[in-house]
Amino acid sequence: MSLVAGIDLGGTAINYTFLDSQEKFLIQDLFEHPARSKEGPAVCLHQIAEGLAAAASRAGIDPAAIAIVGLDTPGPASATGVLSARGSTNFVHADWAGFDIRAGLEATLGKPVIYLNDGNAGALWGHFNIFGARADATSISAIIGTGLGGGVIVEGRVVKGRSGFGGELGHVLLPYQSIAGIEGIVPQCNCGRVGDLESLCSLTAIGKTLLPHFLPCFPGHEYHGMEIAQAAKLVRGRAERGDALSREIFRVQAHALGIFFDEMINTFDPDALIVGGGAIETGPDFQAWFVQEIRNGMPPQRAEQAGIPIHIMPNGDTAGARGAAIEALAELRRRS
Ligand SMILES: [Zn+2]
């Protein structure tokens with residue numbers, strides 16, 4: 001029986017999973033191995049191979065049964081897995097610049113390797129949860145973390161684009177001036193744009209723009225006198241418990257996402273909208289409130305458009321490895 005592996009390489013840890021031809025994951029929880037990415041590609045590729053052998057042993061799998069390996073990493077990287085010449089913020093070693101990590105891993109493992117960036121892998125996992133691997137459905141996923149990642153799946157296939165920048169949803173510009181309560185703000189993104197989705201809807205946006213904007217409206221709030229980065233990390237928990245300032249911040253993020261999803265609805269007419277990431281790793285009540293606020297942030301729509309469901313993406317920690325495995329299974333089916 002042939003199966004595929006999914007490997008999610010982060011700055012500090014590597015996550016593994018396996019997926020069989022029945023679309024069943026063979027590792028239920030997280031299997032982690034240290035990445036050692038700071039020591040450069042030669043050390044790190046060896047680590048990936050060592051961890052894969054350990055993961056196979058843990059899952060009771062013969063490594064020879066692994067037909068294709070799916071690999072995902074943070075970008076920027078080309079569609080075929082060549083890391084940016086300027087290097088990656090997560091892989092701090094000079095030898096990573098311009099490194100073909102897909103080809104490097106293929107040579108190390110002696111098996112075919114396919115590549116995705118972590119946003120697109122997360123989007124595939126979110127899509128798979130709703131539609132399975134075979135369905136030709138269309139979905140848009142937005143994953144709210146430090147930045148804003150995600151991806152676009154059109155009729156069952158992930159959009160990587162010409163240079164690997166397909167699905168860079170965080171840098172799509174929004175008419176954010178229509179969001180109530182943020183008159184006069186200038187939401188600056190690290191990419192250089194003003195007013196894109198990530199500039200409003202990310203942990204970075206909370207510390208950089210939204211907290212400094214709202215804090216003066218709430219004199220005596222506990223966030224006064226805290227380091228802004230420390231306060232930013234408290235906002236989700238406080239919002240869940242009903243703190244008015246923190247709720248305002250999440251309302252603005254949800255309305256930004258509503259505007260963005262409306263743009264995607266008019267572009268793709270998708271079967272599903274999916275939201276995930278640390279921002280909504282909360283209880284179901286807060287998730288339901290957030291989804292309703294996303295809807296509240298959308299402009300008036302045709303009845304057919306207003307019915308497109310908004311789903312919450314499960315299992316944040318395993319999303320990358322699972323998405324990479326799903327893409328590897330799709331590739332296996334294309335080849336056979
Ligand atoms: Zn941006």
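In this text the structure is predicted, and so the values were computed from the model without any measurement. Order of appearance sets the numbers: ligands from 1, and atoms from 1 within every ligand.
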Undergrad: Is the shortest heavy-atom distance from the side chain of E281 to the side chain of R236 under 4.5 Å?
TA: yes
Undergrad: Within 45° of the six-membered ring axis of F128 and under 6.0 Å from that ring's centre, is NZ or CZ of R322 located there?
TA: no
Undergrad: Are E331 and K111 within salt-bridge range, i.e. N to O under 4.0 Å?
TA: no
Undergrad: With a 3.5 Å cut-off and no angle check, do the side chains of E198 and N190 form a donor-acceptor pair?
TA: no
Undergrad: Return all protein N, O or S atoms below 2.8 Å from the Zn ion (ligand 1), chain by chain in residue order.
TA: H171 ND1, C189 SG, C191 SG, D196 OD2
Undergrad: Do the rings of H127 and F131 sit parallel, tilted or perpendicular, given the 30° and 60° boundaries?
TA: tilted
Undergrad: For atom CD of Q230, decide whether the heavy atoms of other residues, nucleotides or ligands shown that lie under 6.0 angstrom number more than 12.
TA: yes
